[in-house]
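Protein chains get the first letters and strands the later ones, always in sequence-line order, with residue 1 at the start of each.
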2 protein chains.
Amino acid sequence: MVQLLNSRSNAENRIQRRAEGRRQEILRAAARVFRRRGFDAAGMREIAEEADLSPGNLYHYFKGKQEILYYCQDRALDTMLATLEQAATGETVSLRLTQVLTAHVRCILDDMEGAAAHLVVDAFPLELRRPIVAKRDRYETGVRKLVEEGEQSGEFSVQEPVIITRAILGALNWTAQWFDPDGRKNPGEVAEIIAAYLVRGLRGETRT
Amino acid sequence: MVQLLNSRSNAENRIQRRAEGRRQEILRAAARVFRRRGFDAAGMREIAEEADLSPGNLYHYFKGKQEILYYCQDRALDTMLATLEQAATGETVSLRLTQVLTAHVRCILDDMEGAAAHLVVDAFPLELRRPIVAKRDRYETGVRKLVEEGEQSGEFSVQEPVIITRAILGALNWTAQWFDPDGRKNPGEVAEIIAAYLVRGLRGETRT
DNA sequence: TGTAGAATTGAACAATGGTTCAATTATTAA
DNA sequence: TTAATAATTGAACCATTGTTCAATTCTACA
């Protein structure tokens, strides 16, 4: 009896794991297509081909195209939020913010879902859009808090943290548009260069 | 005889001016829709409605949707390139660059076509894509030259001008995604805050 | 007033895109 | 080996989209 339950339970777990693995594959494939084409021009047939299955099969795993993007973005934002938490304990705010910004760029350039994280979801139904926008806002708020902490600790001199934070995030997110994997710099290098520049701009004036 | 030529010439001019005016109206309307929806989700029927004419009528003035975006981007890039030229003569490189960056943001937030300037044209036919990409590159090169000049004049300390320039442009272009016309800051204010921040980051280290 | 050219329309066309679904195949457990 | 469940397929469906085009309307000129 206990064995029977275990047997069924193991089978369900295996089946779920297989389906979940398949879902991850699809998300990765979709993220590549979204990155290449943007959301609207990314076709389900192209995603299916990228994931090596048939178009109709996608619907066994996801309800539709918007849900696929939703999960891509959800994953990427989770990764970014985790970076924020890990950076909670650092020696200086500069250091912590640099870590966060570096990780952000790496997420975008290294992780497939990363580049899809900030695609526009305005036209999505509310139940998909709301949690994504909320997560984005949470992340942005976290970054802004760091900027403000640096202002309070005297490391930074910032008068408009909201706007500056968005400029920072813009610089980071835009890397998806121009980064060339075959270029002379790898994602990590690009990430560090940009993060250092952005953090430097937060420091006090150097009028000479 | 001379009068006849004048009369015809005047009529042609008037007709051309009318058609050109109409074209500008369409471009402005299209830019608004492109900005709202992105290129792929912007529909010709929606553009026609925004321009207050019928969908078929658009094709009297433009060959198609891609050509409409092409002209939007062409205009915006002309504006930006003009700013670059005007900034050729300034007291300091800092000042000149600040002017360029400020104008860039204003172009994006104030001019309708501005927000469409950097939409992706990868899928366009070559004869449309090439001149746009060339203009973008020209602009980017111009900005980078300013950054490098500041490095040479000692105003800036920059080791990777290509990457930094792209980060700068990313921060500027991204304003189209988050700027809220009903917000507390107008385009000019946002432009100045961001430009000042980005230029500040180019200055030498302030390690303390 | 008549004519020619410019401009406009709205229905239709062909292609495309997201999605459905019945049939089939694959997998798993007993 | 059989049966049940999971997964897959590919054709079809329906809606949408960019575009065409014949007919009509508008404008300007003689």
Side-chain angles (χ1 to χ4, degrees), chain A residues 1 3-26 29-30 33-34 36-71 121 123-125 128, chain B residues 1 3-26 29-30 33-34 36-71 121 123-125 128:
Chain A
M1 184 65 177
Q3 272 187 324
L4 182 65
L5 285 177
N6 264 349
S7 178
R8 280 217 193 107
S9 173
N10 282 339
E12 282 176 2
N13 284 340
R14 206 179 316 131
I15 288 174
Q16 284 179 2
R17 251 182 284 125
R18 222 178 75 133
E20 190 52 33
R22 195 63 167 192
R23 280 170 64 98
Q24 301 309 322
E25 279 175 33
I26 293 169
V33 180
F34 289 147
R36 211 154 56 216
R37 305 311 218 77
F39 177 71
D40 290 310
M44 294 299 269
R45 289 171 177 86
E46 191 172 351
I47 292 171
E49 191 171 340
E50 185 86 19
D52 217 20
L53 40 73
S54 74
N57 201 192
L58 291 175
Y59 294 86
H60 178 78
Y61 296 95
F62 297 97
K63 286 204 201 95
K65 192 178 170 188
Q66 294 181 339
E67 191 178 275
I68 294 177
L69 180 62
Y70 166 84
Y71 280 109
V121 295
F124 279 23
L128 289 184
Chain B
M1 185 64 173
Q3 270 188 324
L4 183 64
L5 284 176
N6 265 352
S7 179
R8 283 225 188 102
S9 174
N10 283 340
E12 282 178 5
N13 284 341
R14 208 178 314 126
I15 287 175
Q16 285 182 0
R17 255 183 281 124
R18 227 179 69 133
E20 189 56 31
R22 195 64 166 192
R23 280 170 62 99
Q24 301 309 320
E25 279 175 36
I26 292 169
V33 180
F34 289 147
R36 210 153 60 215
R37 305 311 218 79
F39 177 71
D40 292 309
M44 294 299 269
R45 290 172 177 82
E46 190 173 350
I47 292 172
E49 191 172 338
E50 184 86 20
D52 217 19
L53 40 73
S54 75
N57 200 194
L58 292 175
Y59 294 86
H60 178 78
Y61 295 96
F62 297 97
K63 287 207 200 88
K65 191 179 171 188
Q66 295 181 338
E67 190 177 275
I68 294 178
L69 180 62
Y70 167 85
Y71 280 109
V121 295
F124 279 23
L128 289 184

**Prompt:** Roughly how many Å is it from CZ in A/R22 to C1' in D/dA7, rounded to a whole number?
**Reply:** 9 Å
**Asked** Which residues satisfy the salt bridge (charged side-chain N to carboxylate O under 4.0 Å, His left out) test with A/R22, sequence neighbours excluded?
**Response** A/E25
**Message:** Output the rounded distance in Å from CZ (B/F62) to P (D/dT19).
**Reply:** 13 Å
Between N or O atoms, less than 3.5 Å apart, protein on one side and nucleotides 14-17 of chain C on the other: list the pairs.
none

**Asked** To the nearest angstrom, how far is A/R17 atom CZ from C/dT28 atom P?
**Response** 12 Å
**Message:** From CD of B/E46 over to C1' of D/dG18, roughly how many Å is that when rounded to an integer?
**Reply:** 14 Å
**Request:** May I ask you to evaluate whether A/H60 reaches the phosphate of D/dT8, defined as a side-chain N or O under 4.0 Å from OP1 or OP2?
**Result:** no
**Message:** Tell me the interatomic distance from A/R37, atom CZ, to C/dG18, atom P, rounded to whole angstroms.
**Reply:** 11 Å
**Request:** Calculate, to the nearest 0.5 Å, the distance between atoms CD1 and CD1 belonging to B/I47 and B/I26 respectively.
**Result:** 9.5 Å
**Atom-to-atom span, CD1 of B/I68 to C1' of D/dT17 - whole angstrom** = 14 Å
**Message:** So, OP1 or OP2 of D/dT20: does either fall under 4.0 Å of a side-chain N or O from B/Y59?
**Reply:** no
**Message:** Is B/Y61 close enough to C/dA6 that one of its side-chain N or O atoms is under 4.0 Å from OP1 or OP2 there?
**Reply:** no
N/O donor-acceptor pairs under 3.5 Å from side chains in residues 63-71 of chain A, not counting sequence neighbours:
residue, atom, partner, partner atom, Å
A/K65, NZ, A/F39, O, 3.0
A/K65, NZ, A/A42, O, 2.7
A/E67, OE2, A/K63, N, 3.2

**Request:** Mind jotting down which residue pairs meet the side chain to side chain donor-acceptor pair (under 3.5 Å) criterion with at least one end in residues 47-62 of chain B? Sequence neighbours excluded, please.
**Result:** B/R32-B/E50, B/R36-B/E50
**Request:** Return the set of residues passing side chain to side chain donor-acceptor pair (under 3.5 Å) with A/E20 (not counting sequence neighbours), or none when no residue passes.
**Result:** A/Q24
**Item:** Contacting residues from residues 51-58 of chain B, given that a heavy atom lies under 4.0 angstrom of DNA chain C
**Value:** B/L53, B/S54, B/G56, B/N57
**Message:** Using whole Å, what does the distance between atom C1' of nucleotide C/dT20 and atom NZ of A/K63 come to?
**Reply:** 16 Å
